[in-house]
Participant: 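Next up is a structure, given as structure tokens.
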Amino acid sequence: MSKIKIASLSDLPPGKMKEYRIAGKVIALANCEGEIKAFDGFCTHEKCSLAGGFLDGFTLTCYCHGASFDISTGEVLAPPATSPLKTYPVTLVGQDIMIELD
Ligand code: FES
């Protein structure tokens, strides 16, 4: 497993999500009241971009058909998605947001 810098804290104010392309993957980051979460950038239902969805605490709702996920665990909270979302460990090194890719 390798840690990669994906962004800086200043790029991601509280309540915001952004999508990044890194190491051949599309990863989304969310700032949930100061806690940074990282997860696959595409919904497990029909692959809509999750960074364009709606964030309420740690609950992310996909804008396409309304599936929702707990972005701390990847658990599906509401259909039509049935498969969990892949999440990635995040560490902060100063202002650098680092994620672990497998
Ligand atoms: S693509 Fe996200 S709910 Fe359908």
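Along the sequence shown, the residues carry numbers beginning at 1. Only a predicted model underlies this, so the values are computations on that prediction, with no experimental measurement involved. Both ligands and their constituent atoms are indexed starting at 1 by order of listing.
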Participant: Please answer whether the main-chain N or O of Ser72 pairs with a side-chain N or O of Asp70 as donor and acceptor at a distance below 3.5 Å.
Facilitator: yes
Participant: Spell out, with a plain yes or no, whether Cys64 and Cys48 have SG atoms under 2.5 Å apart.
Facilitator: yes
Participant: Which of the atoms in ligand 1, numbered in the order shown and given with their element, are less than 4.0 Å from a heavy-atom of Ala67?
Facilitator: 3 (S)
Participant: Is there a donor-acceptor pair under 3.5 Å between the side chain of Ser8 and the backbone N or O of Ser10?
Facilitator: no
Participant: Any idea which N/O/S atom from His45 gets closest to atom 4 (Fe) of ligand 1?
Facilitator: ND1
Participant: Report, in ascending order of atom number, the atoms of ligand 1 lying under 4.0 Å from any heavy atom of Cys62.
Facilitator: 1 (S), 2 (Fe), 3 (S)
Participant: Looking at Asp96 and Lys5, does any basic side-chain N land under 4.0 Å from a carboxylate oxygen?
Facilitator: yes
Participant: Answer yes or no: is there a donor N or O on one side and an acceptor on the other, between the side chain of Asp56 and the main chain of Thr59, under 3.5 Å?
Facilitator: no
Participant: Nearest protein heavy-atom contact for atom 1 (S) of ligand 1: which residue, which atom, what distance?
Facilitator: Glu46 N, 3.3 Å
Participant: Would you check if atom 4 (Fe) of ligand 1 lies under 2.8 Å from any N, O or S atom of Cys43?
Facilitator: no
Participant: Restricting to N, O or S, what is the name of the atom of His65 that lies nearest atom 4 (Fe) of ligand 1?
Facilitator: ND1
Participant: Any idea which atoms of ligand 1 are less than 4.0 Å away from a heavy-atom of Cys48?
Facilitator: 1 (S)
Participant: For Thr44 and Ser83, indicate whether the former's side chain and the latter's backbone hold a donor-acceptor pair under 3.5 Å.
Facilitator: yes
Participant: Check whether any N, O or S atom of Cys64 sits under 2.8 Å from atom 4 (Fe) of ligand 1.
Facilitator: no
